[in-house]
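What follows is a short report on a single structure.
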Number of protein chains: 2
Amino acid sequence: MSNFGRIASLRPPVAINLAERSAASSCGDCGARHHGMCDALSDEELIFLSGAAQHLSLPAGKLFMEEGEPAQYFYNVNSGTVRLFKALPDGRRQITGFAGPGHFIGLAGEMNMISAEAMEPVRLCRFSRAGLRSMLTEFPALERKLLDVAMHEIVLGQQQMLLLGRKTALERISSFLLSWAQRQEICGPGKLPRPHARLSLPLSRTDLADYLGLTIETVSRSLSHLKKQGLIEIPSIHEIVLLRPQALADIAEAAG
Amino acid sequence: MSNFGRIASLRPPVAINLAERSAASSCGDCGARHHGMCDALSDEELIFLSGAAQHLSLPAGKLFMEEGEPAQYFYNVNSGTVRLFKALPDGRRQITGFAGPGHFIGLAGEMNMISAEAMEPVRLCRFSRAGLRSMLTEFPALERKLLDVAMHEIVLGQQQMLLLGRKTALERISSFLLSWAQRQEICGPGKLPRPHARLSLPLSRTDLADYLGLTIETVSRSLSHLKKQGLIEIPSIHEIVLLRPQALADIAEAAG
DNA sequence: GGCGCGCAGTGATCCATATCAAAAAAAGCA
DNA sequence: TGCTTTTTTTGATATGGATCACTGCGCGCC
């Protein structure tokens, strides 16, 4: 077990995201089974790994990884949600994804290829990138898991490219609502949520706009439009009720 | 060496993409070193793997993988270029990437998450997806390699999301020309091509439009605009000379 | 309770890019 | 080679979503 064991003995053995271990679920986007990041490892392995990590708590809004800086660390989210984004010098911003409990951040590249910011209070484990390769060699199950989630992320990215490149504002919003329902595991793999499913939406309109490649005004108008059509209800700013998921799906996929 | 060895003995030992082995190069997008897919394996391993593959030759235009169908196979490109895309029922199409020699296609998901089509005559190796997991276990170096390229693909996807979600037509074209130059290894990692570098562009305007989330008319107009500004020359439909790469970079990143 | 401030919604206008139309250039093909 | 077909370029017009401007709401704070 080499160096990880040694480090672990010096630190409290808090497992990486151990809380997530039981939360196994099947993915609607590709039919594969995705689990909390570390369900692949034994308790013992998690404890060793955890020893190699620094445990951080960040306040909402904290930018902890910045595009273009040398990639010293990579991170595993324990709780809270992180916004991943790229920005242009003039301030335009594209959110490329959201990382929740169990997600890894900052694995690719010698430089950070993306910025990461806490959207709410976040706890995470920070690892030295220098140790990544030996970690993977030490724990083949972790490598397999990373490959699985990386491939899943590629699939999500492809879906987002279709959305950003070819869908209308209304289609983007509809697609987003349905994919967010899946993310929240409100509905099973590839299935629609049941009518009247309630979605919690802890994003500001600005985040939503920057994720969907729209302006906040267009996001607001599109949501109002769906409401007027009776497809959704908006009981509060951070809650949306999907009255007619099938109708949303028809819009999202330009069917009907 | 289990089953792959047995299969190999029944077939001519043509290595997967062996030609690519010497073509190692460093990547401008993230500073990491990416090699031809199989440089991680020994000749012997390649021969075994190759034995598990069916070797196919496809004509230009051949659609060999279709979104939504059960994922029976995955592929490794030997020569030629493949277009990867998603389409909406009404015909709108988003090309999410291009796969050249050494690239793997169809690794993710129980269903094909994307369609793949030969852009020119293509030779590829086809593997059964059922054997993927044992292949990875058998050849850990392959797994590491796949993880590397998957992470690289994620980085490219994030760049494309920024382009599709937030960049103007002119910025998209400029970004594309520069990234295509890197892809063709006309310039080093993260560097600009030298002034007057000649780019070969084996894409139709339609492919370009569907990759950049624009219409063919806008693509054509943007290229004409760059030509009028003296930043590029267009000696033929499939060739572009980058007269002033720095100026293109300024447009691409909304600097200057 | 009232005040201030940031966020969200809505209306009016504008503009970048799509759409429609046609000419020009290139690619097949007999 | 000349004819046909397809692709690209260019022009004219339309439009979806951006931008600008303002109103309204929720919430913390005094």
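Lettering follows sequence order; numbering is per chain, from 1.
Shown here for G213(B) and L164(B), the closest heavy-atom pair between the two residues is N-CD2, 3.8 Å. P245(B) and P193(B) get closest at one heavy-atom pair: CG-O, 3.2 Å.
Among residue pairs with one or both ends in residues 85-97 of chain B, those qualifying as side-chain hydrogen bond (donor to acceptor under 3.5 Å, both in side chains) are E171(A)-R92(B), E67(B)-K86(B), D90(B)-R92(B), R93(B)-D207(B), R93(B)-D210(B); sequence neighbours excluded. Identified under the salt bridge (Lys or Arg N to Asp or Glu O under 4.0 Å) test for residues 230-249 of chain B, with sequence neighbours left out: R198(B)-E239(B). Judged as a salt bridge (Lys or Arg N to Asp or Glu O under 4.0 Å), not a single pair has a partner in residues 223-232 of chain B (not counting sequence neighbours).
Take E120(A) and apply the side chain to side chain donor-acceptor pair (under 3.5 Å) test, not counting sequence neighbours, and it matches T81(A). A search for side chain to side chain donor-acceptor pair (under 3.5 Å) contacts involving E153(B) returns nothing, not counting sequence neighbours. Every residue meeting the salt bridge (charged side-chain N to carboxylate O under 4.0 Å, His left out) condition with E253(A), not counting sequence neighbours, appears here in chain and number order: K167(A). Not a single side chain to side chain donor-acceptor pair (under 3.5 Å) links S220(B) to another residue, sequence neighbours left out.
Note on ring orientation: taking the six-membered ring where Trp is involved, the planes of F74(A) and F127(A) are parallel (angle under 30°, cut-offs 30° and 60°).
Think of the region where chain A sits on DNA chain D: with heavy atoms and a 4.0 Å cut, that region ends 5' and 3' at dG17(D) to dC20(D). The outermost nucleotides of DNA chain C lying under 4.0 Å from heavy atoms of chain A, listed 5' to 3', are dA8(C) to dA12(C).
Toward the 5' end of DNA chain C, the nearer of the two residues V219(B) and S220(A), judged by each one's closest nucleotide, is S220(A).
Remark: R221(A) in residues 221-243 of chain A come within less than 4.0 Å of DNA chain D through at least one heavy atom. Listed in residue order, the members of residues 202-210 of chain A having a heavy atom less than 4.0 Å from DNA chain D come to none.
At a threshold of 4.5 Å between non-hydrogen side-chain atoms, the residues E217(A) and R221(A) count as touching. Side-chain atoms of F176(A) and L201(A), non-hydrogen and from C-beta on, do get closer than 4.5 Å to each other.
No donor-acceptor pair under 3.5 Å is formed between the side chain of N76(B) and the backbone N or O of C125(B).
From one end of the helix from dG1(C)-dC30(D) to dA30(C)-dT1(D) to the other, with five pairs defining each end axis, the axis direction shifts by 40° (rounded to 10°).
Considering CG of L163(A) and CG of L156(A), their distance stands at 12.0 Å, rounded to 0.5 Å. Here the straight-line distance linking atom NE2 of H225(A) with atom CD1 of I232(A) works out to 10.0 Å at 0.5 Å rounding.
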